[in-house]
Structures are given as structure tokens and as C-alpha cells.
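The chains referred to below are lettered A, B, ... by the order of the sequence lines, with proteins before strands, and numbering in each begins at 1.
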2 protein chains.
Amino acid sequence: MTVERHPTEARRSLGWLLRLPYAQLSERVYGGLAARGFPEIRAAHGAVFRHILPSGSRLTELAEAAGMTKQGMAYLVEGLTGAGYLESRPDPADGRARRIHLTRRGQAVMEALLVQSREAEEEFGRRIGAAKLARLRSLLEELAEELSPVRD
Amino acid sequence: MTVERHPTEARRSLGWLLRLPYAQLSERVYGGLAARGFPEIRAAHGAVFRHILPSGSRLTELAEAAGMTKQGMAYLVEGLTGAGYLESRPDPADGRARRIHLTRRGQAVMEALLVQSREAEEEFGRRIGAAKLARLRSLLEELAEELSPVRD
DNA sequence: CTAGTTTAGTCAGATGATCTGACGAAAGGA
DNA sequence: TCCTTTCGTCAGATCATCTGACTAAACTAG
């Protein structure tokens, strides 16, 4: 009568429990973005969109904020610039630097990202109920607060 | 008196809230593994360790369970085999197939993985309190339950 | 039993997402 | 005016995936 189960199946690790909803969320959000007319945007580009300021940001600032190397960030920015989502102009205050800005199309991505994210969250709410989702979010916020430095 | 903040900072997306603890957990777990004498093990190898059965598994089974292609899984298995964590022998029941097994060293990784994971979870518990962490885990379990198919 | 189909795994090649190291040019400080 | 630090780029490596094409073995209908 006992069914054979995978050894680790009984009690999933916290890592697994975090990763599963994260992966599904990402898939929805970025998949939805493609459907909304932004097919070049991939999850890795979130590192840019999450940190870029309306007034523009420097490459080094973005890299630092995202916790990656300048070269890694440069690779992402290059792709987004080529696809028309970003534009970079020399920084008038520093001859070595460039300021990276969202184009109008890039701003549209930001908005779509917020919409998709909210919709995905609502879908989760439909699964376990809004109250539980709110409780989950609040616990995650509390945990995030304690897990500083908020290197993302 | 108002401090300039990043626009999205006020209310982080659920994705961010899930990713931050996940990333820190992974870093602890796999970083700790290197310190425990398994320096070749990277986070991607979790796809193998999470799914391999004590009686051995086929490549195709592992790929299917992990939700990736056979080729992708083959790449991971190849690395682990070369480093002495896995070994594969022809499947007596099927001339096309091979059964992939953990070596003793591979089993040691499994154990270390459980230990590190538990320790990381306890550390989280120290941050927000055991009761809240338990509540968080339970909500995540509930969510995971609803987010089937449990493709991981 | 043979012919056709499906399955297990490999080979080759591509892309994406990172990293490290070395560098030139500009800025800032003493 | 040096010296040092910072900004960004160039070159190259590695890892983690993917798609497509293929062989050999196994299953399935006649």
C-alpha cells in the first residue's frame, strides 16, 4: 500500500519552495511581455529595469545595484540599446561616463512589467486566496528586510 | 526632507521578494558545499541531486523531472561523472539506456546538501523568528501545491 | 517475423549570461 | 604635475541552456 516516493519529496527544501513560485512568476511575467509586443526582453534584463532611474543611471551604478560586474551589465545594456529600449548619452558631468536612459519604448516595458507582475500576483491570489497571499507577501517583506545588505 | 528613492522600491514585486531569499539561500547552501570539500558542485547540479533515485535513474527521467532537455541534463551529468559524484552503467533491462547512480562521494553531497539547507533555514529562522518562518514555509507549501504541474 | 514507429542517448552547434584580466582615458587629490 | 582611482571597453573564458540531426535499440502491428 505504500507508494514509492522520491526521498526528498516528503519535505521539500525551503529553496525549492521559493524557487517554484519564483520560476512560474518569471515565466508568466516575461512570457506575457513577449505577447505584449516586447519579444526581446528576457528575465535577465530585469536587472536593468529594476534599477534604472528615470533620470538615467550610469553603467557602474546599475552593475553595483544589481550585484554584478560592469561587463555583465554592459552586455545586458548593449542588447537593450540595440533593440531600442535604452539610449545612452555622454554624461556632461564626467567625460568618462555615459548616462543610460529608458527610451519611450523602454518606459512602455516598465509599465508592462508592472501590469504583468500585478496580474501574476493576482493569479496566485486566486490559487491560495487573497488573505493568505497578503500574509505570504508580508512575511517575505519581513524576511527581505532582515536579509540585508539588499544586494539584488 | 524627502529622500529620493528608487521608484519601484516602495513596493517590491512578489518576484523580487521570492528571489532575494532564494538567491541568498542558494549562495549559502552551495557556498557551504565548497567549504565542505565539494568545490565542483554548483547550483545547477541541484537539478540532478533533487531527482536522482537511490536505485539509480535514467538520463531521460532526470531530464523530464527537472523540466529540461536530455542534452542539458547530459551536460550536468557529464560534469558530475567526471568529478566522481556519479557513475553510469548500462541498464540491464534496456540496451539503449544507462542507469545513473550516485557514488559514495555523491551520497556525501546529498547529505551535505540536506545539512546546509537545514542550517540555512535555521539562520532564516533566527532572522524573523521560528514561528514566522514556519508560517512562511506552510504558505509556500500551500502555494506550491496549487501551482502544479509540479514541474521543477 | 518483419516493417514502421517510438524511445534513449549522443553529436554538433548556437545563444545567453555570466565571469576575470588587461587596458586607455578621464577625474580627483596631494 | 604626478599618482591613484574610477568609468567604461576589449578580449576571452566558462557555464547552462537550447534546437536539430542522428544511431541504435525496443516496441507494435500486421
Side-chain angles (χ1 to χ4, degrees), chain A residues 19 23 26-27 30-31 33-34 38-52 56-83 85-101 151-152, chain B residues 19 23 26-27 30-31 33-34 39-53 56-83 85-101 151-152:
Chain A
R19 191 164 38 93
S26 297
E27 199 180 319
Y30 290 93
L33 229 53
F38 307 112
E40 306 94 338
I41 307 297
R42 298 183 300 274
H45 296 137
V48 177
F49 290 107
R50 274 194 297 277
H51 299 292
I52 194 166
S57 298
R58 287 199 193 163
L59 183 64
T60 304
E61 291 168 353
L62 292 176
E64 158 72 18
M68 60 194 299
T69 60
K70 293 180 290 178
Q71 296 96 318
M73 182 53 75
Y75 165 79
L76 297 176
V77 166
E78 183 193 8
L80 290 172
T81 301
Y85 295 101
L86 301 176
E87 171 176 87
S88 78
R89 294 171 48 84
D91 188 331
D94 187 334
R96 299 163 298 177
R98 322 202 106 237
R99 304 224 114 225
I100 298 156
H101 300 266
R151 151 148 326 141
D152 142 290
Chain B
R19 191 165 36 96
S26 297
E27 198 181 320
Y30 290 93
L33 229 53
E40 304 94 339
I41 307 297
R42 298 183 301 273
H45 296 137
V48 177
F49 290 107
R50 273 194 299 277
H51 298 293
I52 194 166
L53 294 170
S57 297
R58 289 197 194 165
L59 183 63
T60 304
E61 291 169 352
L62 291 177
E64 158 72 18
M68 61 194 300
T69 60
K70 294 181 291 179
Q71 297 95 318
M73 181 53 75
Y75 165 79
L76 297 174
V77 165
E78 183 192 9
L80 291 171
T81 303
Y85 295 100
L86 299 176
E87 117 194 311
S88 78
R89 296 169 48 83
D91 187 330
D94 188 334
R96 298 164 300 179
R98 319 202 107 239
R99 303 224 115 223
I100 298 156
H101 300 265
R151 150 146 328 138
D152 144 281

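- For Met73(A) and dT9(D), the CE to P distance is 13 Å, given to the nearest whole Å.
- Along DNA chain D, the nucleotide nearest to Thr69(B) and the one nearest to Ala97(A) differ in position, and the one closer to the 5' end is contacted by Ala97(A).
- Rounded to a whole Å, the CG atom of Leu76(A) is 15 Å from the C1' atom of dG8(D).
- A sub-4.0 Å separation between OP1 or OP2 of dA17(C) and a side-chain N or O of Arg42(A) is present.
- Taking only side-chain nitrogens and oxygens, Arg58(B) never comes nearer than 4.0 Å to OP1 or OP2 of dG9(C).
- Between the side chain of Gln71(B) and the base of dG13(C), no donor-acceptor pair under 3.5 Å is found.
- Going from atom CD of Glu78(A) over to atom P of dA11(D) covers 12 Å, rounded to whole Å.
- When each of Ala43(A) and Gly95(A) is assigned the nucleotide of DNA chain C bearing its nearest heavy atom, the one mapping closer to the 5' terminus is Ala43(A).
- For the pair Lys70(A) NZ and dA22(C) P, the computed distance is 14 Å after rounding to whole Å.
- Distance Arg96(A) CZ to dA26(C) P: 10 Å, rounded to the nearest Å.
- A straight line from CD of Glu61(B) to C1' of dA8(C) spans 11 Å, rounded to a whole angstrom.
- In this structure, the OH atom of Tyr75(B) is 18 Å from the C1' atom of dG9(C), given to the nearest Å.
- Following rounding to the nearest Å, Asp91(A) (CG) and dG28(C) (P) show an atom-to-atom distance of 11 Å.
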